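Everything below concerns the one structure shown next.
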Amino acid sequence: MKKEISKYLLIVLIIIFVIMLGILVYVKFFYSENNKEYSVLKEKGEGEIIYLDTAIIDLLNKLNNISYSRYEVTIKQINEGQQQSDSDSSKQTGEQNMQSEGTGDTSSKDTGSASEVTNQSENKSSKLSQVDSLLNTDYNNIPWEEISYGIETIYTAIPTIKIDMKTLNVSDEDLNNFGVSLDGVAQSIKAKDKNGALTNLYNLYTFLPKFLSAFSNDESKLNIYNTKLNVLNAYVLVNNDKWEDMSLSINSAIDCITKAKSGENILDTEQVSFDKAYTLLQELKNGINVEDKEIFYLKYKLTMEQLEIL
């Protein structure tokens with residue numbers, strides 16, 4: 001009798017063990033799949049925030065004809081043109097030398113070289129004259145058509161972004177308010193209201209750190225976005241000559257970048273980039289004391305370029 005009870009008990013225990021094992025395998029597999037899907041969605045969400053970051057800042061910059069590629073593209077063109085001219089000059093000089101050696105006539109070589117140098121100088125001067133310095137830019141000549149196209153592009157991406165953000169635990173309130181702010185931007189652009197567009201685009205950008213904080217624990221990344229947010233606040237304030245408030249915003253930006261550079265995920269190799277950003281923010285703060293818009297825009301451009309690569 002005892003043997004039969006022990007036998008039945010053993011069978012029951014085996015059945016329970018098999019059931020528990022099945023449950024554990026299922027839970028582990030289900031959790032693993034869900035975790036993988038969430039990781040993919042999280043990565044997509046971060047990419048969407050990067051897209052909005054780039055798009056909003058680009059529109060803000062266009063309102064003052066600021067472009068990060070303003071100098072490097074032109075310089076590259078000049079260098080490439082110079083290399084091509086040097087190559088053509090060398091080829092032509094070589095041909096002339098061969099002709100001179102055969103005829104004993106040196107006048108054609110001298111004339112050709114002088115003409116080539118003159119052409120190179122004129123080409124270089126022509127390309128240099130195309131460089132628009134931020135110290136001499138017409139800040140009222142706004143490319144409204146480009147800006148209108150840019151905001152329409154954002155509208156096209158918003159439905160997908162909102163769905164993803166909601167799945168990533170961004171609140172409905174923040175998503176709705178983001179949409180309201182976007183409509184405010186569009187209205188300002190339609191009315192060609194520069195000051196309104198600057199303010200509304202800045203308000204739109206304030207949602208990006210909020211969105212990111214809903215699904216990311218990367219404090220350094222959040223502080224980078226908050227650094228840019230404070231710099232953009234100063235950029236908007238300069239349009240109304242609010243120099244004292246601008247200084248406060250840059251102080252906040254310096255605090256944020258200090259926190260960002262001391263984050264756990266920051267590699268030693270990245271410290272140089274953070275140190276450069278910190279130095280540029282200090283320079284931007286010093287520039288505010290001059291109370292000169294053109295100088296501020298120049299330092300702002302350099303600072304934002306560096307922040308964009310962090």
Side-chain angles (χ1 to χ4, degrees), residues 27 30-61 63 147 150-190 193 196-237 245 248-249 251-253 255-260 262-266 304 307-308 310:
V27 169
F30 183 77
Y31 175 79
S32 177
E33 286 298 308
N34 281 353
N35 193 45
K36 183 178 180 180
E37 289 178 7
Y38 183 79
S39 296
V40 171
L41 182 59
K42 181 179 175 182
E43 185 176 348
K44 184 184 178 187
E46 289 178 354
E48 289 167 341
I49 289 176
I50 291 172
Y51 161 74
L52 289 172
D53 167 88
T54 303
I56 294 170
I57 291 176
D58 180 62
L59 293 178
L60 281 164
N61 288 343
L63 287 165
I147 293 171
I151 201 66
E152 286 180 22
T153 304
I154 293 177
Y155 267 106
T156 302
I158 287 304
T160 300
I161 292 175
K162 279 192 171 184
I163 291 170
D164 292 338
M165 291 298 148
K166 185 171 183 178
T167 307
L168 288 166
N169 299 320
V170 174
S171 70
D172 288 334
E173 182 180 3
D174 283 340
L175 290 172
N176 290 333
N177 289 336
F178 180 85
V180 172
S181 294
L182 183 61
D183 290 341
V185 173
Q187 287 179 319
S188 298
I189 293 172
K190 180 182 177 182
D193 175 7
L198 285 167
T199 301
N200 287 322
L201 280 166
Y202 167 76
N203 290 337
L204 194 66
Y205 192 93
T206 62
F207 288 95
L208 302 193
K210 293 179 182 179
F211 289 175
L212 186 63
S213 64
F215 61 89
S216 175
N217 295 321
D218 191 334
E219 291 298 325
S220 290
K221 191 174 293 184
L222 287 169
N223 277 307
I224 291 171
Y225 278 102
N226 282 317
T227 300
K228 288 192 279 188
L229 179 63
N230 282 293
V231 174
L232 291 174
N233 188 40
Y235 173 77
V236 172
L237 290 169
D245 291 339
L248 293 174
S249 290
N251 282 336
S252 296
D255 289 340
C256 288
I257 201 66
T258 301
K259 293 175 182 176
S262 60
E264 296 179 358
N265 299 326
I266 303 303
M304 290 301 291
L307 291 174
E308 286 296 303
L310 296 180

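Here the structure is a predicted model, which means the values were calculated and not measured. Along the sequence shown, residues are numbered consecutively beginning with 1.
For Asn223 (side chain) and Glu219 (main-chain N/O), a donor-acceptor pair under 3.5 Å exists by modelled atom type. The main-chain N or O of Lys259 is found under 3.5 Å from a side-chain atom of Ser262 such that the two form a donor-acceptor pair. Here the side chain of Ser181 pairs no donor or acceptor atom with the backbone of Asn203 at under 3.5 angstrom. Using a distance-only test at 3.5 Å, with no hydrogens or angles considered, no donor-acceptor pair links the side chain of Asp53 to the main chain of Ile49. Using modelled atom types, one side-chain atom of Ser213 and one backbone atom of Lys210 make a donor-acceptor pair closer than 3.5 Å. Judged by distance alone, with hydrogens and angles left aside, the side-chain atoms of Asn233 form no donor-acceptor pair with the main-chain N or O of Leu229 at under 3.5 Å.
Relative ring orientation between Tyr205 and Tyr225 is described as tilted, the plane-to-plane angle lying within the 30° to 60° band.
Closest approach of Gly45 to Leu168, counting heavy atoms only: CA-CD1, 3.9 Å. Here the closest non-hydrogen pair linking Leu237 and Ser249 is CD1-OG, 4.1 Å. The heavy-atom pair separating Leu222 from Pro209 by the smallest distance is CD2-O, 3.7 Å. Between Leu182 and Leu204, the closest heavy-atom pair is N-CD1, 3.6 Å.
The NZ atom of Lys166 sits 8.0 Å away from atom CG of Leu175, with the distance rounded to the nearest 0.5 Å.
Side-chain atoms of Asn265 and Ser220 include no donor-acceptor pair closer than 3.5 Å.
Applying the side-chain hydrogen bond (donor to acceptor under 3.5 Å, both in side chains) test between Lys44 and each of Thr167, Asp164, Thr160 identifies Asp164 as the sole match. Checking Asp193, Asp183, Asn200 one by one against Ser188, the side-chain hydrogen bond (donor to acceptor under 3.5 Å, both in side chains) holds for a single residue, Asn200.
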For the pair Leu198 and Tyr202, evaluate side chain to side chain contact (heavy atoms under 4.5 Å, CB included) and give the outcome as yes or no after the intermediate values.
CA-CA 6 Å; Leu198 285 167; Tyr202 167 76; over 6 Å; no
